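Below: one structure, written as C-alpha cells.
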Amino acid sequence: MKILMICQGNICRSPAAEYLLRKMLREEKLETITIESAGLLKQTDGRVIHPKIAKWLKWYGCDAHRHHATFITHKNLAEYSYIFAMDRSIEQQLRTKYAKDFQDNIYLFGEIAGSNKQLDIADPMKTKHFWATTRKINQICRLWTSYFMEEPE
C-alpha cells in the first residue's frame with residue numbers, strides 16, 4: 001500500500017505527516033506501507049524542509065534533514081491507495097486539477113479525528129505555530145496508525 005501526503009509547498013505539513021506516520025508504522029512493524037509527500041506549489045520544488053518543522057520532527061525522533069520538496073506532478077497518482085490532503089482547499093484542488101480519476105482515494109488527513117475542528121491542518125507558514133501544527137499532525141498520525149493496524153492491506 002502507498003500513501004501520499006499533500007500540502008501547499010511540501011516543506012511543512014505533508015513532510016511532517018510523512019515522517020511521523022512512517023516512524024509510527026515502522027514501530028508497529030507495518031513496513032509494507034510506503035509513505036511519501038508532495039506539494040502543489042511548483043516554486044517550492046527541491047526546497048529543504050522548514051527548519052522549525054525539522055526541529056520539532058527531531059524532537060519526535062524523526063530525522064527529516066534530507067527531505068526536499070516534490071511537486072505533485074512528479075508523482076503517479078494511480079500508485080496511491082490513500083492521497084491525504086492537509087486541508088479542504090488542497091482537497092478541492094486535488095479533486096478538480098490533479099486527481100480527477102482518483103476521487104475515491106482522496107481524504108482529508110484530519111477527518112479521522114471525527115471533529116470539524118480537526119479537519120484542516122493549518123499552514124504554519126501562515127500561522128507561525130510550527131509546534132502546534134507538528135503536535136496536531138502527530139496526534140492524527142497516531143489515529144491513522146491505529147486504523148492501518150486494523151485495516152487489511
Side-chain angles (χ1 to χ4, degrees), residues 1-91 93-94 97-99 102 105-113 118-149 151 153:
M1 177 189 319
K2 288 183 81 170
I3 298 171
L4 182 63
M5 307 289 187
I6 305 285
C7 69
Q8 281 300 112
N10 192 224
I11 59 172
C12 290
R13 296 174 290 171
S14 59
E18 172 189 357
Y19 282 85
L20 288 166
L21 186 58
R22 182 183 296 134
K23 178 182 183 282
M24 290 176 195
L25 293 174
R26 192 177 326 120
E27 288 170 352
E28 297 298 334
K29 309 289 188 251
L30 294 172
E31 284 117 1
T32 60
I33 301 174
T34 302
I35 316 288
E36 297 176 358
S37 64
L40 299 179
L41 296 177
K42 188 174 187 170
Q43 57 267 39
T44 60
D45 194 34
R47 284 186 45 197
V48 297
I49 193 167
H50 192 285
K52 289 183 180 178
I53 292 293
K55 169 188 159 186
W56 291 116
L57 285 174
K58 192 166 187 80
W59 189 84
Y60 279 112
C62 299
D63 182 3
H65 80 278
R66 291 189 177 143
H67 175 81
H68 287 83
T70 303
F71 183 46
I72 191 171
T73 59
H74 299 313
K75 301 289 185 181
N76 175 2
L77 298 179
E79 295 178 2
Y80 300 96
S81 305
Y82 293 85
I83 301 170
F84 287 125
M86 292 294 131
D87 63 46
R88 285 173 270 210
S89 170
I90 291 166
E91 178 190 28
Q93 290 178 65
L94 286 169
K97 187 174 181 183
Y98 295 102
F102 311 104
N105 298 14
I106 300 171
Y107 301 85
L108 270 171
F109 179 66
E111 74 183 44
I112 195 165
Q118 295 284 346
L119 286 178
D120 289 337
I121 307 297
D123 188 345
M125 295 296 287
K126 296 175 183 171
T127 67
K128 305 301 181 207
H129 297 132
F130 293 91
W131 165 240
T133 298
T134 308
R135 186 179 64 220
K136 184 175 183 179
I137 290 170
N138 186 66
Q139 292 167 344
I140 293 171
C141 282
R142 287 189 190 287
L143 296 172
W144 281 113
T145 298
S146 294
Y147 174 83
F148 290 124
M149 287 172 59
E151 187 72 13
E153 291 182 43

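Computed from heavy atoms alone, side chains included, the values below leave out hydrogens, waters and symmetry copies. Just so you know, these numbers come straight off a predicted model, no measurement behind them. We count residues from 1, following the sequence as given.
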Worked verdict on L108 versus D120 for side-chain contact (heavy atoms from CB on, under 4.5 Å): CA-CA 8 Å; L108 270 171; D120 289 337; 4.2 Å; yes

To the nearest 0.5 angstrom, please state how far the CD1 atom of I83 sits from the NZ atom of K2. 11.0 Å

If you measure from SG on C62 to CG on L21, what distance do you get to the nearest 0.5 Å? 10.0 Å

Derivation of the side-chain contact (heavy atoms from CB on, under 4.5 Å) call for M149 and W144: CA-CA 8 Å; M149 287 172 59; W144 281 113; over 6 Å; no

Which atom pair, heavy atoms only, marks the closest approach of I3 to Y80? C-CD2, 3.6 Å

Rounded to the nearest 0.5 Å, what separates atom CZ in F109 from atom CE in M86? 5.0 Å

Grab the two heavy atoms, one from P15 and one from I49, that are nearest each other, plus how far apart they are. CB-CD1, 3.9 Å

side-chain contact (heavy atoms from CB on, under 4.5 Å) assessment of Q8 paired with Q93: CA-CA 10 Å; Q8 281 300 112; Q93 290 178 65; 3.6 Å; yes

Considering only heavy atoms from C-beta outward, does the side chain of R47 approach that of N10 to under 4.5 Å? no

Compare every heavy atom of E18 with every heavy atom of S37, then report the nearest pair and how far apart it is. OG-OE1, 2.5 Å

Taking all heavy atoms of K75 and all of A38, pick out the closest pair and write down the distance. CG-CB, 4.1 Å

Enter the distance from S81:OG to I33:CD1 here, rounded to the nearest 0.5 Å. 9.0 Å

For I121, is there any backbone N or O sitting under 3.5 Å from a side-chain donor or acceptor partner on R13? yes

If you define the side chain from C-beta out and look only at heavy atoms, does anything of I137 sit under 4.5 Å from T133? yes

Side-chain heavy-atom pair N105, L4 within 4.5 angstrom cut-off: no

Would you call P124 and I53 a side-chain contact if the rule is heavy atoms closer than 4.5 Å? yes

Less than 4.5 Å apart, side chain to side chain, heavy atoms only: is that true for T34 and M1? no

Could you state the interatomic distance from CG (D45) to CD (Q43), rounded to the nearest 0.5 Å? 10.0 Å

For a side-chain contact (heavy atoms from CB on, under 4.5 Å) check, start with the C-alpha distance between L119 and E111, then their side-chain angles and the critical distance, and finish with the verdict. CA-CA 5 Å; L119 286 178; E111 74 183 44; 3.8 Å; yes

Could you grab the distance from atom CD of E79 to atom CG of N76, nearest 0.5 Å is fine? 4.5 Å

Which atoms form the tightest heavy-atom contact between L94 and L40, and what is the distance? CD2-CD2, 4.4 Å

Under the side-chain contact (heavy atoms from CB on, under 4.5 Å) test, which residues partner W59, sequence neighbours left out? W56, W131

Could you list the residues that satisfy ring pair (Phe, Tyr, Trp, His ring centres under 6.0 Å) with Y82, not counting sequence neighbours? F84, Y107, F148

Any side-chain heavy atom of I11 within less than 4.5 Å of one from V48? no

Under the 3.5 angstrom rule, does the side chain of K128 hit a backbone N or O of M125 as a donor-acceptor pair? yes

Looking at every non-hydrogen atom in both residues, tell me the closest pair between N138 and Y60 and how far apart they are. ND2-CE2, 3.3 Å

